[in-house]
Amino acid sequence: MKRYEGLSGHVLMIICGFTFPGVDGQLLVSALGATRVNTLADANLTLAVSFSGAPDPAVTWFKGRLPVVTWTLGSDTPPDVAEEYRQALRLEPNGSLRFVRVPLGYGGDYTVEMTKSGLGAVSLNFTLGVFELLENVTMTALPDLIKEGSEQLSVQYLMLRGVVERQLWFFNGRPVAEGEDGSRYSLRPGSLAVLQPRRNDTGRYTVSLSNPFSSVTLHLNVTVLYGPDEPRIQIKPVQDFYVSGDGLTLSCQADGSPQPLVEWTFGDQTLSDDLMGVLNLTAVQTNQSGLYVCRLRNQMTGVQRQQTVAINVYERPAGRPQCSVVSEDNRSLRYSCRWSGGTPPATLSFPSFHVGSSLENVTLTVNASSELDGRMFTCRAHHPVENSECNVTAESPQNFLPSVKTEVDSEGKIVVSIRCLSRATPPAAVRWFRGGEPLGDDALTSDDGASLRIRHRNVSVLVLQNYTCACRNPLGSRSKHLRLQEPAISNFSLFPHKDGTIVTLTWEVPPTSIVTGFDIQMSGPALVSADGSAGQSKGNGDTFRTILPKPGSARSADVLRLDPKATYRFRVLPRALMTEGRPTEARRIGPAEGLSGPAIAGIAAGIPCSILFLLLMCGLVYLAFYWSRAKRHQTSYPVSRAADKVTTTPMQTPHNLLPGGGKSPPDYNRLLHQTPSSLSVAAPPFIPPPPVRVATTV
Ligand SMILES: *[C@@H]1O[C@H](CO)[C@@H](O)[C@H](O)[C@H]1NC(C)=O
Ligand SMILES: *[C@@H]1O[C@H](CO)[C@@H](O)[C@H](O)[C@H]1NC(C)=O
Ligand SMILES: *[C@@H]1O[C@H](CO)[C@@H](O)[C@H](O)[C@H]1NC(C)=O
Ligand SMILES: *[C@@H]1O[C@H](CO)[C@@H](O)[C@H](O)[C@H]1NC(C)=O
Ligand SMILES: *[C@@H]1O[C@H](CO)[C@@H](O)[C@H](O)[C@H]1NC(C)=O
Ligand SMILES: *[C@@H]1O[C@H](CO)[C@@H](O)[C@H](O)[C@H]1NC(C)=O
Ligand SMILES: *[C@@H]1O[C@H](CO)[C@@H](O)[C@H](O)[C@H]1NC(C)=O
Ligand SMILES: *[C@@H]1O[C@H](CO)[C@@H](O)[C@H](O)[C@H]1NC(C)=O
């Protein structure tokens, strides 16, 4: 093979020598093609040259400045090829340099130099590019976590094989130039460095690689991690404080990449942990007052930040402030004002007293003096949710009337209750005296001391005593003397009804009189019996007989089934057990005293002298009687069989029992059963109720 090559070299040399026989004195060398040659690795190629001006010059090929092949054309010795280039370099007999399966490292500048003794040297430069196809190119960014502010971000490409002749970088489609943007970009072989990357360096990096035989474009999305930034807390609605039961929403946010995780904590309690950072507090309670911490964390970089917000939840104290004044040692007054249970506690003060305010409860002790009597003090209560106040007035015992109530106990004793109630603030203490002496065993005071109960069988004993009650508080005292009286009645009245068959009796009792019951007494004909006929005339028409007993609380009675033609007289007898009081004056109803049926009969019987006259009279009597019967049937009170007899109806309507306009003191026994307000209003005029309700048989 070598031999063959040597032979063909000779042939070429001979052809050359033959071709340029007459050219002397000037050695020339020229390229037989481009002097700039690109090739894929492993290909065969030749850097072909031709020369003229002299036969068989000495040829030297340099790679860079290194001689790699030397030979004198046409000589018998084979070309001298540098040891390490022997594999791939061949020298053609005509001086051209042939590359067999050119390896990658052979690219570079080549120079051929030809010399001929006496003619000097000529040279020619070639540039050889040896490339490979770009294969399996990948792009990566370093470091793995690119954080804002870190030293640098490096975007690089790697490939399995290939020689890059040209690389172009783009960021978000825009070419990146070295030194741009304050020299933050630095282009290096195989990579682009971004110094101190920022959040807006996040984006799409593109590299475009090419050589004469192939090109490739790659993209890489790079994210620069940052944050969380300063947290922003929002509260809705914004208020200085919230009232228990309110709802509010806290939100906490901050920029970051990736989106930071938000954790709300209150005390050692984690309330929410998500990306939204919204904390809903519905119907907050006072124990939810305090500091709420919003903690943001970048899950990739681990960077944390936190922000704190204070929430106040208040609650007004229950109810209203309570003012009061109590007696201390019966000499001074302790004013106090209380409004507890609020959050925060309410601040209370009595501005008129010029003392400092205090929380929840303020108390002041003042020596009692007449200046304080009836003077109102205001306690001011301040609470963030609501301001309030209460008033308190101390007053000395006011004028009052003692009341007397009489009952009969199970042992048959009379029980008299005397009550002394004087309006006073603070409440008056009541002390009792009997004729200036302490009370005996038969007297008991009630728990509040305002009532005295005396029990005795003998009314005369009760009536003998004088009682005194003294009501006293630090601002003053007021006493009343009282002497109990025998059973008595005042203001007795009769009210006949329109048709004359019913009459209502009303009466009053003097305030200090002891009464346990009443007897309703009547004189006159008997009441109409159940069958509607006139009753037999029982008893004498002039004597009073008890027709109806009434209890001690009664102040009226109805008498039914009266004969409208007849005349009746009524009176009321008060009693205390067996002791009778003085009966009232009698009151009459019915026609004036005159002719009545029996009287006429008596007269008739007394004139026997003239039969004619008698007959005439008899006829008259008969006519009169007949007429009378007819009339009675017409006008008699319609009665039902069930309520045939005298019925009584308890009075239920309060009525004005004092026709004299308050000449006499009120009936305390009765007042006891009334509400205080009804004492002061004028009662409606008396209207007797229909006599069909509760019926009592007489
Ligand atoms: C290159 O030359 C060598 C030796 O002359 C030969 O074996 C090979 O097939 C050639 N390759 C090409 C691609 O022509
Ligand atoms: C030199 O020889 C090579 C191969 O032997 C040939 O391809 C080339 O054309 C020759 N050059 C000249 C100038 O004849
Ligand atoms: C290189 O890429 C080719 C086709 O794109 C694929 O078949 C081959 O497996 C890749 N080689 C490596 C080492 O990734
Ligand atoms: C890179 O980002 C672009 C736009 O920003 C997007 O269209 C593309 O799908 C992303 N590519 C990858 C691999 O995420
Ligand atoms: C918080 O409250 C708002 C408004 O009341 C509501 O729209 C939202 O869904 C609530 N969020 C949560 C997590 O309960
Ligand atoms: C207290 O008295 C003042 C002045 O008379 C009055 O305006 C206020 O309403 C009273 N407050 C209460 C709670 O009664
Ligand atoms: C009760 O008082 C009257 C006059 O006030 C007096 O005359 C009488 O003696 C007194 N009786 C007793 C028991 O003190
Ligand atoms: C009641 O008391 C009076 C006076 O003490 C006395 O005279 C009278 O006898 C007593 N009557 C009875 C029934 O005890």
Side-chain angles (χ1 to χ4, degrees), residues 1-9 12 33 37-48 69 78-79 81 85-94 96-104 106 128 130-133 213 316-325 335-339 346-353 362 372 374-383 386-395 406 408 411-416 425 434-435 437 440 442-443 454-466 483-487 514 516 575-581:
M1 188 73 173
K2 279 207 169 161
R3 183 169 289 207
Y4 172 75
E5 279 176 19
L7 182 68
S8 56
L12 186 70
V37 180
N38 289 324
T39 182
L40 283 172
D42 277 344
N44 295 339
L45 88 151
T46 303
L47 298 181
V69 183
V81 183
Y85 291 91
R86 224 162 260 173
Q87 188 76 35
L89 289 186
R90 307 279 184 274
L91 192 66
E92 300 290 338
N94 58 12
S96 297
L97 187 63
R98 190 155 68 90
F99 294 80
V100 180
R101 293 207 188 94
V102 59
L104 268 182
Y106 278 54
L128 175 66
V130 182
F131 298 98
E132 278 180 316
L133 293 175
F213 302 95
R316 71 186 283 286
R320 305 261 114 220
Q322 296 300 321
C323 278
S324 61
V325 57
Y335 289 88
S336 57
C337 176
R338 174 181 209 78
W339 202 25
T347 310
L348 305 173
S349 65
F350 278 111
S352 331
F353 286 119
V362 60
L372 297 176
R375 185 161 162 211
M376 187 183 78
F377 292 100
T378 299
C379 165
R380 294 207 194 287
H382 174 77
H383 188 268
E386 190 182 317
N387 290 327
S388 191
E389 62 177 22
C390 60
N391 295 329
V392 57
T393 307
E395 59 180 4
T406 311
V408 179
E411 297 171 26
K413 286 186 176 175
I414 297 175
V415 181
V416 179
T425 313
R434 179 157 52 196
E437 286 171 28
D442 57 343
I454 317 149
R455 296 168 72 232
H456 211 283
R457 217 175 278 278
N458 189 336
V459 176
S460 315
V461 172
L462 293 172
V463 160
L464 280 176
Q465 300 297 334
N466 288 347
R483 185 165 192 201
L484 297 176
Q485 290 177 5
E486 308 266 357
I514 300 173
T516 63
R575 54 166 65 246
L577 293 185
M578 300 324 291
T579 310
E580 293 187 352

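Order of appearance sets the numbers: ligands from 1, and atoms from 1 within every ligand.
- With a 4.0 Å heavy-atom cut-off, ligand 6 is reached by no atom of Arg320.
- Disulfide status for Cys323 with Cys390: present, SG atoms under 2.5 Å apart.
- Taking the ring pair (Phe, Tyr, Trp, His ring centres under 6.0 Å) definition, one finds that Phe350 meets it with Phe353, sequence neighbours left out.
- Among residues two or more places apart in sequence or in another chain, the side chain to side chain contact (heavy atoms under 4.5 Å, CB included) test is passed with Arg575 by Asp519, Leu573, Met578, Glu580.
- Contact shell of ligand 8 (protein heavy atoms, cutoff 4.0 Å): Asn458, Ser460, Val461.
- Between atom CG of residue Leu97 and atom CG of residue Leu47 there is a gap of 5.5 Å, rounded to the nearest 0.5 Å.
- Looking at Glu389 next to ligand 6, an N or O pair under 3.5 Å apart turns up.
- Below 30°, between 30° and 60°, or above 60°: for Tyr335 and Phe377 the angle between ring planes is above 60°, a perpendicular geometry.
- At a 3.5 angstrom cut-off on N or O pairs, Asn44 counts as close to ligand 1.
- Taking all atoms of both residues into account, the shortest heavy-atom contact from Ser349 to Val362 is N-CG1, 4.4 Å.
- Take Asn44 and apply the side chain to side chain contact (heavy atoms under 4.5 Å, CB included) test, not counting sequence neighbours, and it matches Val100, Arg101.
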